[in-house]
There are 2 protein chains.
Amino acid sequence: MNDDLLERYKDILSSKNYKLTSQRNSILQVLIENKNRHFSADELYKEVAKVNPDVGLATIYRNLEIFCRLGITHRLDFDNKYKYYELSVEGNHHHHLICVKCGNIIEFNDQVLEDFENEIEDFYDFKIIDHRIKFYGICEECRKEK
Amino acid sequence: MNDDLLERYKDILSSKNYKLTSQRNSILQVLIENKNRHFSADELYKEVAKVNPDVGLATIYRNLEIFCRLGITHRLDFDNKYKYYELSVEGNHHHHLICVKCGNIIEFNDQVLEDFENEIEDFYDFKIIDHRIKFYGICEECRKEK
DNA sequence: ATCGATGCAAACCTTTTGCATGCAG
DNA sequence: CTGCATGCAAAAGGTTTGCATCGAT
């Protein structure tokens with residue numbers, strides 16, 4: 001299953017004439033092994049280094065940019081100074097609950113929102129192709145503390 | 001109405017022992033006059049300069065930080081390198097439709113989502129206090145073009 | 001053999017911070 | 001007066017870029 005994914009991404013790259021370098025392979029590998037995790041560029045850099053130390057940070061950035069453009073990954077903005085990236089795996093669409101106390105981020109899936117989206121599309125004449133939702137609040141742990 | 005707002009924000013500042021400087025006044029004034037617009041720090045800096053040239057960029061940053069902490073403003077993250085700020089005016093809660101072609105950002109109001117929020121609160125045991133939603137898509141204009 | 005991909009380090013640019021001065025309370 | 005607020009310029013720090021080299025095709 002993971003191998004299938006890897007092959008699919010490699011196909012996408014080849015079909016767009018991007019070379020299959022060992023660096024790209026390692027980056028994809030790490031992303032796939034952590035399907036439901038999001039990485040800052042630096043976090044990914046360090047994680048990739050464990051598998052393949054010959055990958056520079058600039059290469060991470062350059063490839064994340066390409067991967068996002070090809071739809072392999074997408075970028076997330078939380079409210080800190082980093083940008084985060086995660087694999088765009090279908091059936092893994094999820095959003096984030098951000099605790100304003102401890103900063104912890106909980107992921108959750110949603111199948112709802114379809115009706116809501118349709119309403120908006122009609123009203124604003126805007127064809128929606130994706131959405132990101134962030135809920136801010138206080139997590140279970142932090143509510144216990146006080 | 002705008003004056004009421006200004007007074008309210010000044011009260012908040014005073015009550016927290018923040019001084020009412022001419023810089024803070026000018027920044028609030030510009031934000032209030034542009035209630036439903038979001039600014040990057042630099043955009044706000046330039047806009048404030050038209051009214052009061054004696055406001056440095058560092059002051060903009062320092063005060064936006066304070067305003068956000070006091071709930072006067074909140075910060076938005078789109079997918080570029082800037083952070084954006086806008087006034088938190090009740091009854092003006094809105095979200096953003098981001099066109100992936102032209103980058104234009106349309107604001108929209110929502111009263112819905114309450115049910116959805118409650119569901120999430122129960123399931124994840126997470127007390128939600130705010131949310132941000134971004135929809136990506138293609139706007140009317142851009143759909144016409146092709 | 002070619003030309004895109006990479007590593008390294010420097011450049012970039014937004015945001016933050018140190019410090020002397022200014023001004024609200 | 002006192003101490004927070006500000007301006008300026010420098011520093012920080014995440015991201016991008018230039019350039020020589022490497023390596024996939």
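For the numbers below, each heavy atom of this structure counts, side chains included, while hydrogens, waters and symmetry mates do not. Letters go in sequence order (proteins before strands), and every chain restarts at 1.
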Distance-minimising heavy-atom pair for A:H74 and A:S88: ND1-OG, 2.7 Å
Between C:dA24 (C1') and B:N63 (CG): distance, integer Å: 14 Å
Interatomic distance, B:R62 CZ vs C:dG18 P [rounded to whole Å]: 10 Å
Length of the CD1-P vector between A:I66 and C:dG4, whole Å: 12 Å
A:L6 side, atom CG; A:I32 side, atom CD1 - distance, nearest 0.5 Å: 4.5 Å
Inter-residue atom distance A:E47.CD - A:N52.CG, 0.5 Å rounding: 13.0 Å
Interatomic distance, A:L64 CG vs C:dA5 C1' [rounded to whole Å]: 15 Å
Distance, nearest 0.5 Å, that separates OG of B:S26 from CG of B:N63: 10.5 Å
Restricting to nitrogen or oxygen on both sides, can you table the protein-nucleotides 9-16 of chain C pairs closer than 3.5 Å?
from, atom 1, to, atom 2, distance (Å)
C:dT14, OP1, B:Y82, OH, 2.8
C:dT15, OP1, B:K83, N, 3.1
C:dT15, OP2, B:Y61, OH, 2.2
C:dT15, O5', B:Y61, OH, 3.0

Selection: residues 10-21 of chain A, any non-hydrogen atom under 4.0 Å of DNA chain C: A:Y18, A:K19, A:T21
Spatial distance of atom OG1 (B:T73) from atom OH (B:Y84) [nearest 0.5 Å]: 15.5 Å
Spacing between B:N52 atom CG and C:dC23 atom P, to the nearest angstrom: 12 Å
Shortest non-hydrogen contact between A:I60 and A:A41, atoms and distance: CG2-O, 3.7 Å
Length of the CG-P vector between B:N25 and D:dA5, whole Å: 15 Å
Worked verdict on B:K46 versus B:D42 for salt bridge (charged side-chain N to carboxylate O under 4.0 Å, His left out): CA-CA 6 Å; B:K46 287 182 177 129; B:D42 196 62; 2.7 Å; yes
Separation of A:L31 CG from A:N2 CG (nearest 0.5 Å): 11.5 Å
B:Q23 CD to C:dG22 C1', straight-line distance once rounded to whole Å: 9 Å
C:dT6 phosphate, OP1 or OP2, under 4.0 Å from A:R24 side-chain N/O: yes
CZ on A:F39 to OH on A:Y82, rounded to 0.5 Å: 15.0 Å
